[in-house]
Amino acid sequence: MTSRNDEDDNGFAEWGGYMAAKKAKLVEQYEQQASSSKKQSDILTGVAIYVNGYTSPSAEELKILMSAHGGVYHTYQMPKTTHIVASILPNAKVKQLGSVPIVKATWISDSIAAGALLDHRKYLLYTGHDDKQPKLDCVRPKTLTAADPGFLSEFYNNSRLHLISTLGAEYKQLVNQLREKSNGVYPGRERLRTLPRGLAPSERVVMHIDMDCFFVSVGLRSRPQLRGRPVAVTHGRGTPINRPQASVECENELVKKYFPNENFEDVDSHGSMAEVASCSYEARQCGVRNGMLLGNALKICSDLKTIPYDFEGYREVSTALYKTIAEYTLDIEAVSCDEMYVDVAPILAAANITVEDWATHIRKEVIAVTGCPCSAGFGANRLQARLANKRAKPAGQFYLRPDDVETYMAQVSLSDLPGVGSATVAKLTKMGLHKCGDLQTVSRGQIQAELGNKIGQTVADLANGIDHKPLNFHHERKSVSADVNYGIRFKDKTEASNFLQSLSAEVCARLKDVGMRARCLTLKLLVRAPDAPVEPAKYLGCGVCNTITRSTTSAGALGDAASIYREAKVLLDRCAVNPRELRGVGVQLTRLEATPPRNTAIKRFLQGEVKASASNKIDLRTSDELPNRITPEVVYEYPGEKSPFESLTLDELRPLILKWLESTATPKNIDVTLLAEYLKQLAIDRQIERLKVVLSFLYRHISRLGSCKWHDAYWKLIDIVQEGMVARYGGTMLVERSFCCSVHS
DNA sequence: ATCCTCCCCTAC
DNA sequence: TAAGGTAGGGGAGGAT
Ligand SMILES: Nc1ccn([C@H]2C[C@H](O)[C@@H](COP(=O)(O)OP(=O)(O)OP(=O)(O)O)O2)c(=O)n1
Ligand SMILES: [Mg+2]
Ligand SMILES: [Mg+2]
């Protein structure tokens, strides 16, 4: 019971990934399971813990977990206590507790999540227990790599880019929801009555509002002594470290080769490689920028003060910002957690106020509510509003009036246009173009020839202050993905597959979160560039890499972790990359469809039922006595889809399959899944005879004339059918799987 | 023409 | 040490 295999679909839903391993869910699930007083495993056999002080999971929760997994919980420390679980302990207390290892509570939850007892040394709170030389220094647990269980949550809990992506999506969703349940009343507008009457513009007025050095400003709320000083938010503290000089120089060269358009500074052999997420305007005066490496920032700004992240704080301030604006209007396009476009013309018209008075009012209110400064730009379209905001910053406001647009635009740098990044700038520079005004000297056709049709046209318009893109108040998701390009270090194929499984569970959880299923799956791999050092300058970073993407479209939309992993795994194998060279893995889901509503009555009926055991093999030959086991929710999950094969008789189906087999040496995934889903449904519908006939027909003819690709297709099809068997009967069925073939022996 | 797949680019 | 994610627009080139 302590190991899992590919057939064991049930392992997924419970313990596949980060979402599931999150404390709240973990405990929730365990409480459910413990309440039915079921023993879950023997993972913790031989482990006896004593919990000292507050922990997460809590002592109460740990007690339940211990008994559910074969461990022992001691209310007091006893001679038989094998481990002490604690979060923080003063040194004096450590001495008192003697030689019993002191571990973090996550050792228990991670072990359960992993399905096996993990090495407790990675979870030691202090050294001095397993070491010969006792030390009482607080020890950081060794950093996890993607091969370690619990890595995904550890990584996402510390990734600022993950945070801002997640927050961005959340606020788009929030605007959607607020608009849906809006009654059209905006209480904030009352507060505008006290403003002086003025002439509201007759034209369209778009506001772009954005927090000033967002992460820094949030951090400075509790550090007023740092105001006015160069400050950066970063993981690193700037302490110098040692790296091999040669490989650092090699990587510098490679970066220039792979990113010729980017102006990346060289890295030296001792500076911190942590990224500056956000820096104060004082730091910007020295040339420090968001996204810079801390080591390089310190070179140009030696008194740069670093402060740590405050993820909860960012969330609070973002919510306060959005709530404040939503008091006045819901014509909001959320851009990110610190930024949005707002159609303010109706507000100004209704209250009869000027842009300037509105700007002053709303900025004051945001500062009052959040404790953080922001700036606002105004113009007739989003481009103008945005450029105006750039000029307004920091802590300012600016209205780019229609009459001033032409003059203003001429001096704007092309690189300041939204959508114009380093690659586009490089092309424009090659054409001798730098300012928006320079575009007057060349034809639109010339621009398009260099930049491509669409971007050429857009840039030509933007340079003239024209922006046809309307504000989009309602956001619809088109894709869901999860990428990790940090900490990816695998020693073999199994580690890579296991991680892909976790990542699949993760992306599936996100898909379910938005109530969608996906027709198309794309796997993205980063592979160490051939000439790049095996270990890059950034600790556990991906270094310089080549990218590989492979995608697949399936007949039925994907909606469960097992199918997502199954598809992703096929693609991973197809890429045939040495797992030791992998530096990044991503799974994205596109062509989304809404999940059909579930039958809640059936769901309720299914609750509390035992999940099927996949180790139980069912012999087809005894299909008469097949036990009709409990049916997990997959059986009922997606009702109402008709397969094209359903109406065919066996005599119609066989020649169809034969024709397909003969038509190609490389069957398409979409065809394979289409047939497989039908056969899976046969299993679920207990049409075992028919299933048996089709499977043996397939096996016979693929053996006879199938290529290697057909063998792969057959195995994949069998995997899908077995999902149906497990769902209906609690076990897989015995089927032929072996082919005589040079590759698949 | 229009699609699909495998990229590249951009922004926060 | 360090936490290099994520979603969307778009193009090249081949298949249909
Ligand atoms: N390379 C980057 C860019 C941004 N961010 C995060 C931190 C920023 O505070 C936040 C908002 O991004 P902005 O582009 O709005 O930048 P700031 O708010 O920091 O500064 P500005 O005053 O220019 O808006 O996103 C990040 O982590 N890494
Ligand atoms: Mg900002
Ligand atoms: Mg911003």
Side-chain angles (χ1 to χ4, degrees), chain A residues 140 142-146 151-169 171-172 210-211 214-215 234-243 261-262 270-275 277-278 290-291 293-295 309 311 318 334-340 386 415 417-427 448 451-458 469 472 475-488 507 510 520 522-524 526 535-553 583-584 586-591 668 670:
Chain A
R140 259 176 257 279
K142 190 180 171 324
T143 315
L144 303 174
T145 72
F151 168 80
L152 217 43
S153 61
E154 181 74 4
F155 173 66
Y156 282 136
N157 282 335
N158 289 290
S159 164
R160 79 189 201 277
L161 291 175
H162 171 70
L163 181 83
I164 62 176
S165 295
T166 307
L167 289 181
Y171 291 108
K172 285 170 190 186
D210 183 298
M211 305 303 292
F214 183 44
F215 285 11
T234 164
H235 278 302
R237 291 183 323 148
T239 41
I241 43 158
N242 274 326
R243 281 185 291 272
N261 298 328
E262 311 277 351
H270 54 270
S272 167
M273 294 295 290
E275 272 179 43
S278 179
N290 289 0
L293 300 180
L294 178 58
Y309 288 92
F311 286 8
S318 294
V335 176
S336 76
C337 61
D338 89 324
E339 184 180 345
M340 66 189 95
R386 193 192 169 86
S415 60
L417 296 177
V420 175
S422 63
T424 309
V425 166
K427 291 174 190 168
Q448 284 176 310
L451 306 187
N453 244 312
K454 208 79 169 231
I455 294 177
Q457 173 69 67
T458 310
K469 194 173 172 194
N472 182 13
H475 181 76
E476 265 179 33
R477 266 256 242 182
K478 296 179 180 164
S479 71
V480 174
S481 65
D483 295 61
V484 178
N485 301 316
Y486 177 86
I488 302 294
V507 78
R510 295 182 195 176
C520 185
T522 303
L523 179 77
K524 187 184 74 138
L526 293 195
E535 283 310 320
K538 191 199 276 283
Y539 179 64
L540 290 183
C542 61
V544 180
C545 285
N546 290 309
T547 309
I548 302 176
T549 69
R550 293 289 177 269
S551 61
T552 178
T553 301
R583 293 293 180 269
V587 175
Q588 30 266 135
L589 302 171
T590 49
R591 298 180 61 179
K668 287 203 172 142
I670 188 166

**Q** What's the closest nucleotide to the side chain of A:D483 if the choices are C:dG5, C:dG10, C:dA2?
**A**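 Of all the options, the side chain of A:D483 is nearest to C:dG5.
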
**Q** Side chain of A:H475, heavy atoms from C-beta onward: which of C:dG8, C:dA2, C:dG5 has the nearest atom to it?
**A**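 It is C:dG8.
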
**Q** Kindly assign one of parallel, tilted or perpendicular to the pair A:F311 and A:Y309, based on the angle between their ring planes and the thresholds 30° and 60°.
**A**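 Ring orientation of A:F311 relative to A:Y309: perpendicular.
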
**Q** Which nucleotide, C:dA3, C:dG10, B:dC9, lies nearest any side-chain atom of A:E154?
**A**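 Within the option list, the nearest is C:dA3.
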
**Q** Identify whether any heavy atom of A:S422 sits under 4.0 Å from a base atom; if not, whether one sits that close to sugar-phosphate; answer base, sugar-phosphate or nothing.
**A**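 Sugar-phosphate contact only.
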
**Q** Under 4.0 Å, counting only non-hydrogen atoms across every strand here, what does A:H270 touch: a base, just sugar-phosphate, or nothing?
**A**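 No contact.
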
**Q** Would you indicate what A:A169 reaches in the nucleic acid, counting non-hydrogen atoms under 4.0 angstrom: base, sugar-phosphate, or nothing?
**A**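 No contact.
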
**Q** Whole angstroms only, please: what is the CD1-P distance between A:I164 and C:dA3?
**A**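 The distance from CD1 of A:I164 to P of C:dA3 comes to 13 Å, rounded to the nearest Å.
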
**Q** Measuring from the side chain of A:R550 (C-beta onward, heavy atoms only), which nucleotide among C:dA2, B:dC7, C:dG4 has the closest atom?
**A**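 From the listed options, B:dC7 comes nearest.
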
**Q** Reckon A:S479 has a side-chain N or O less than 4.0 Å from the OP1 or OP2 of C:dG8?
**A**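 Yes, because at least one side-chain N or O of A:S479 sits under 4.0 Å from OP1 or OP2 of C:dG8.
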
**Q** Using whole Å, report how far CG of A:L451 lies from C1' of C:dA12.
**A**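 A:L451 atom CG is separated from C:dA12 atom C1' by 16 Å.
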
**Q** Rounded to the Å, how far apart are A:L526 CG and B:dC7 C1'?
**A**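 Distance, rounded to whole Å: 13 Å.
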
**Q** Does A:S272 reach a base, just sugar-phosphate, or nothing at all? Heavy atoms under 4.0 Å.
**A**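 Sugar-phosphate contact only.
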
**Q** Heavy atoms only, 4.0 Å cut-off, all strands: where does A:Q588 land among base, sugar-phosphate and nothing?
**A**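 The answer is nothing, as A:Q588 stays clear of every strand by at least 4.0 Å.
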
**Q** Short question: side chain of A:H162, backbone of A:D483 - any donor-acceptor pair under 3.5 Å?
**A**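 Not a single qualifying donor-acceptor pair exists.
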
**Q** Closest nucleotide of DNA chain C for A:E476 versus for A:Y486: which of these residues is on the 5' side?
**A**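 Residue closer to the 5' terminus by nearest nucleotide: A:Y486.
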
**Q** Using atom CD of A:Q448 as one end and atom P of C:dG10 as the other, report the distance to the nearest whole Å.
**A**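 After rounding, the gap between these two atoms is 12 Å.
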
**Q** To the nearest Å, give me how far apart CD1 (A:I548) and C1' (B:dC8) are.
**A**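 My rounded result for the distance is 16 Å.
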
**Q** By nearest atom, which of the nucleotides C:dT16, B:dT5, C:dG5 is closest to the A:S551 side chain?
**A**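 The closest nucleotide is B:dT5.
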
**Q** Looking only at the side chain of A:R386 (C-beta and beyond, no hydrogens), which of the listed nucleotides C:dA7, B:dC12, C:dT6 gets closest?
**A**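 So the nucleotide nearest the side chain must be B:dC12.
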
**Q** From the set C:dG5, B:dT10, B:dC12, return the single nucleotide nearest to any side-chain atom of A:S159.
**A**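 When the side chain of A:S159 is considered, C:dG5 is the closest of C:dG5, B:dT10, B:dC12.
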
**Q** Check whether A:R243 reaches the backbone of A:P536 with its side chain - one donor and one acceptor, N or O, closer than 3.5 Å.
**A**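 Side chain of A:R243 to backbone of A:P536: no pair is present.
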
**Q** Which part of the nucleic acid does A:G584 contact within heavy-atom distance under 4.0 Å: base, sugar-phosphate only, or nothing?
**A**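 If one applies the 4.0 Å heavy-atom cut-off, A:G584 turns out to touch nothing in the nucleic acid.
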
**Q** Take A:A423 and A:R591, find for each the nucleotide of DNA chain B with the closest heavy atom, and name the residue whose nucleotide sits nearer the 5' end.
**A**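 Result: A:R591.
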
**Q** Using modelled atom types and a 3.5 Å cut-off, is there a donor and acceptor pairing between side-chain atoms of A:S159 and backbone atoms of A:F155?
**A**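 Not confirmed, A:S159 side chain does not pair with A:F155 backbone.
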
**Q** Can you work out whether A:L293 or A:V480 has the more 5'-proximal nearest nucleotide on DNA chain C?
**A**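 The 5'-side residue here is A:L293.
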
**Q** Tell me which nucleotide among C:dG4, C:dT1, B:dC7 gets nearest to the side chain of A:Y539.
**A**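 So the nucleotide nearest the side chain must be C:dT1.
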
**Q** Would you say the side-chain atoms of A:Q448 pair up with the backbone N or O of A:N453, donor to acceptor, closer than 3.5 Å?
**A**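 Yes.
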
**Q** Answer yes or no: does a side-chain N or O of A:T553 lie under 4.0 Å from OP1 or OP2 of B:dC4?
**A**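 So the side chain of A:T553 is outside the cut-off, no N or O lying under 4.0 Å from OP1 or OP2 of B:dC4.
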
**Q** Using a heavy-atom cut-off of under 4.0 Å over every strand shown, decide if A:L294 touches base, sugar-phosphate, or nothing.
**A**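 No contact.
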
**Q** Can you tell me if A:R237 touches the phosphate of C:dA2, counting only side-chain N or O atoms and a distance under 4.0 Å to OP1 or OP2?
**A**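 Indeed not, no polar side-chain atom of A:R237 lies that close.
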
**Q** Measure from CZ on A:F155 to P on C:dT6 and round the result to the nearest Å.
**A**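 Interatomic distance, CZ of A:F155 to P of C:dT6: 7 Å.
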
**Q** Does a nitrogen or oxygen in the side chain of A:R477 sit under 4.0 Å from OP1 or OP2 of C:dG8?
**A**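 For C:dG8, neither OP1 nor OP2 has a side-chain N or O of A:R477 closer than 4.0 Å.
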
**Q** Touch check for A:L540, heavy atoms < 4.0 angstrom, all strands: base, sugar-phosphate only, or nothing?
**A**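 No contact.
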
**Q** Could you check whether A:S479 and A:Q588, counting side-chain N and O atoms only, form a donor-acceptor pair closer than 3.5 Å?
**A**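 Absent: no donor and acceptor within the cut-off.
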
**Q** Do the side chains of A:R160 and A:E275 get close enough for a salt bridge, i.e. N-O under 4.0 angstrom?
**A**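 Salt bridge between A:R160 and A:E275, a charged N being under 4.0 Å from a carboxylate O: yes.
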
**Q** Nearest to the side chain of A:N485 - C:dG5, C:dA2, B:dC12?
**A**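 The answer is C:dG5.
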
**Q** How long is the line joining CG of A:N472 and P of C:dA7, in whole Å?
**A**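 So the two atoms are 16 Å apart, to the nearest Å.
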
**Q** Check this one for me: any side-chain N or O of A:K478 less than 4.0 Å away from OP1 or OP2 of C:dG9?
**A**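 Yes, A:K478 has a side-chain N/O under 4.0 Å of OP1/OP2 on C:dG9.
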
**Q** Using a heavy-atom cut-off of 4.0 Å across all strands, would you classify A:G421 as base, sugar-phosphate, or nothing?
**A**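 Contact class for A:G421: sugar-phosphate only.
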
**Q** Can you check whether A:H162 has a side-chain N or O nearer than 4.0 Å to OP1 or OP2 of C:dG4?
**A**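 False: A:H162 side-chain N/O out of range (4.0 Å or more) of C:dG4 OP1/OP2.
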
**Q** How is A:G168 classified with respect to the nucleic acid when contacts are heavy atoms under 4.0 Å: base, sugar-phosphate, or nothing?
**A**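 The answer is nothing, as A:G168 stays clear of every strand by at least 4.0 Å.
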
**Q** Base, sugar-phosphate alone, or nothing: which one does A:N290 contact when heavy atoms must sit under 4.0 Å apart?
**A**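 No contact.
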
**Q** What integer distance in Å separates A:K524:NZ from C:dA7:P?
**A**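 Atom-to-atom, A:K524 to C:dA7, this comes out as 12 Å.
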
**Q** Is there a side-chain contact between A:T549 and the phosphate of B:dT5, meaning an N or O under 4.0 Å from OP1 or OP2?
**A**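 False: A:T549 side-chain N/O out of range (4.0 Å or more) of B:dT5 OP1/OP2.
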
**Q** Would you tell me if any nitrogen or oxygen in the side chain of A:Y156 comes within less than 4.0 Å of OP1 or OP2 on C:dG4?
**A**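 A:Y156 to C:dG4 OP1/OP2: no side-chain N or O under 4.0 Å.
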
**Q** Please classify the nucleic acid contact of A:S336 as base, sugar-phosphate, or nothing, using heavy-atom distances under 4.0 Å.
**A**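 Sugar-phosphate contact only.
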
**Q** Report which part of the nucleic acid A:K454 touches: base, sugar-phosphate, or nothing (heavy-atom distance under 4.0 Å, all strands).
**A**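 It contacts sugar-phosphate atoms only.
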
**Q** Would you indicate, yes or no, if C:dA7 has its OP1 or OP2 atom less than 4.0 angstrom from a side-chain nitrogen or oxygen of A:S165?
**A**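 For C:dA7, OP1/OP2 do not have a side-chain N/O of A:S165 under 4.0 Å.
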
**Q** So if I take every side-chain heavy atom of A:T547 and compare against C:dA2, B:dC8, C:dT6, which nucleotide ends up nearest?
**A**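 When the side chain of A:T547 is considered, B:dC8 is the closest of C:dA2, B:dC8, C:dT6.
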
**Q** Answer yes or no: is there a donor N or O on one side and an acceptor on the other, between the side chain of A:Y539 and the main chain of A:M273, under 3.5 Å?
**A**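 Side chain of A:Y539 to backbone of A:M273: no pair is present.
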
